[in-house]
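A quick write-up on the structure given underneath.
Small disclaimer: the values here were computed from a predicted structure and weren't measured. Every chain is numbered from 1 and lettered A, B, ... according to where its sequence line falls, protein lines coming before strand lines.
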2 protein chains.
Amino acid sequence: MDTKSLMIHTATALFQQKGYKTVGLNEILKACNVTKGALYHHFPNGKEELLIACLNGLKETITAEIETIIRGHKSTKEATQAILDKLIYNLETEGTITGYTFSSIVSEMATVSEPVRRACSALYENIQHIYAAKLVTDGFSSESASDLALMLTASIEGAMMLCLTQKSTDPLKTIAKRLPHLFE
Amino acid sequence: MDTKSLMIHTATALFQQKGYKTVGLNEILKACNVTKGALYHHFPNGKEELLIACLNGLKETITAEIETIIRGHKSTKEATQAILDKLIYNLETEGTITGYTFSSIVSEMATVSEPVRRACSALYENIQHIYAAKLVTDGFSSESASDLALMLTASIEGAMMLCLTQKSTDPLKTIAKRLPHLFE
DNA sequence: CCTAACATACCAACCGGTCTGTATGCCATG
DNA sequence: CATGGCATACAGACCGGTTGGTATGTTAGG
């Protein structure tokens with residue numbers, strides 16, 4: 001992998017796990033064996049530019065993954081279960097957040113940096129758009145489809161946060177039990 | 001107000017708005033016109049001890065507020081609407097998070113500090129317990145009551161995060177439209 | 001030989017935390 | 001009732017370490 005992608009890849013993981021401020025440049029640099037010169041060569045505006053690059057990268061990844069899962073199931077209901085299963089699996093094996101969530105970044109940066117806020121917003125919008133599209137093919141009106149899509153993202157993201165505090169995957173499992181009722 | 005309470009009060013607001021790492025001790029100190037000596041007199045273990053004091057204070061406040069709202073409405077359905085209304089009102093008037101949410105702290109600290117994680121966990125547990133109790137009086141079984149309580153906290157917390165990224169109260173409003181369906 | 005891609009030494013600013021100093025109030029004793 | 005002693009509640013200078021960021025040097029490929 002080229003240096004730039006390597007940096008984005010490593011930084012993304014660290015940011016998701018520990019948040020933006022908590023992770024120092026030196027920590028990122030050491031983790032991927034790259035020097036400061038290289039970082040500032042590829043990201044002249046430093047740490048925040050790297051973060052935005054991470055968020056954009058995340059957008060590609062998440063969009064792709066969710067889309068393939070969704071395409072592989074006949075209705076949003078089944079697809080949601082599959083997505084939650086994957087989230088739970090990731091959390092149980094890796095022990096940290098790896099997947100479709102980046103709450104740590106949102107909550108500490110949204111009020112502080114406008115460019116970062118916009119990048120996060122675009123990401124969420126994307127996810128909701130995918131859900132909404134599938135819900136429309138399920139037969140929902142476009143209005144209730146986008147409402148439900150928001151409801152989905154919100155509860156998943158919230159459950160993720162509860163999992164973090166409880167050090168358990170139970171919240172996601174509970175959500176998995178209750179979300180299907182939304183589609184009836 | 002005495003110095004200690006003043007510090008907790010000020011720090012709570014700052015932590016909720018900007019997160020833990022983002023807010024420096026000097027910023028807090030300046031905001032409430034208190035010196036470092038005073039801080040380390042009341043909180044010998046420094047910043048993290050202050051944060052935990054904030055979370056415990058938040059627990060009292062949130063518990064009390066939610067409980068009075070819940071007591072003032074006949075079912076969980078109505079109470080939830082009232083709570084969301086208040087959340088929306090706060091967000092619109094203050095422009096920042098003030099209320100029942102502390103996602104910023106959770107997501108950046110849960111994986112880093114065990115005492116902080118426990119404090120956050122206790123807080124969420126408390127909230128869910130209040131919801132669940134009301135749901136039981138509504139006629140739900142204790143199992144589905146606690147499931148629904150989790151669902152409530154998760155989706156509200158998630159919607160809050162979406163509000164933050166969108167700089168809008170729409171996500172909370174959408175949630176308000178959809179949550180009632182859960183109770184049927 | 002020139003430019004992209006680094007490497008490395010360095011920097012000021014800031015961080016959380018500690019240190020010593022001091023004003024003030026209480027309280028027991030002579 | 002004055003006084004010494006001691007604890008509480010600060011104030012503010014100071015500290016080492018780390019932060020993000022920069023400036024300059026080196027190297028390899030076209």
Under-4.0 Å side-chain N/O to phosphate OP1/OP2 contact, A:His41 with C:dA5: yes
Integer-rounded Å distance: C:dG16 C1' and B:Met109 CE: 13 Å
Separation of atom CZ in A:Phe43 from atom C1' in C:dA5, rounded to whole Å: 14 Å
Phosphate OP1/OP2 of D:dT19 contacted by A:Asn26 side-chain N/O (<4.0 Å): yes
Sugar-phosphate, base or nothing in reach of B:Gly46, heavy atoms under 4.0 Å: sugar-phosphate
Spacing of A:Lys21 atom NZ relative to D:dG20 atom C1', expressed in whole Å: 10 Å
Selected nucleotide, minimal atom distance to A:Thr35 side chain, candidates D:dG20, D:dT8, C:dA7: C:dA7
Touch class at under 4.0 angstrom, heavy-atom based, for A:Gly37 against every strand present: base
Interatomic distance where CG belongs to B:Leu29 and C1' belongs to C:dC15 [whole Å]: 13 Å
Pairwise 5' ranking along DNA chain C for B:Tyr20 and A:Ala38, keeping only the more 5' one: A:Ala38
Side-chain donor-acceptor pair present, B:Ser75, B:Asp138, cut-off under 3.5 Å: no
Ring-face cation of A:Lys4 near A:Phe43 (centre distance under 6.0 Å, axis angle within 45°): yes
Within 6.0 angstrom of B:Glu67 CD, more than 12 heavy atoms from elsewhere: yes
A:Lys21 NZ/CZ over A:Phe15 ring centroid, <6.0 Å and within 45° of normal: no
Atom pair distance, as rounded to whole Å: CE in B:Met7 and P in D:dA9: 10 Å
Per A:Tyr40 side chain, nearest of listed nucleotides D:dG21, C:dG16, D:dA11: D:dG21
Side-chain N or O of B:His42 closer than 4.0 Å to phosphate OP1/OP2 of D:dC10: yes
Base D:dG21 to side chain A:Lys36, donor-acceptor N/O within 3.5 Å cut-off: yes
Length of the line joining B:Leu25:CG and C:dT18:P, which is rounded to integer Å: 11 Å
Residue-phosphate contact under 4.0 Å: A:Thr3 side-chain N/O, C:dC6 OP1/OP2: yes
Length of the CG-C1' vector between B:Leu50 and C:dG17, whole Å: 14 Å
Side chains of A:Ser107 and B:Ser107, donor plus acceptor under 3.5 Å: yes
Rounded distance (Å) that lies between atom C1' of C:dG17 and atom CD of B:Glu48: 14 Å
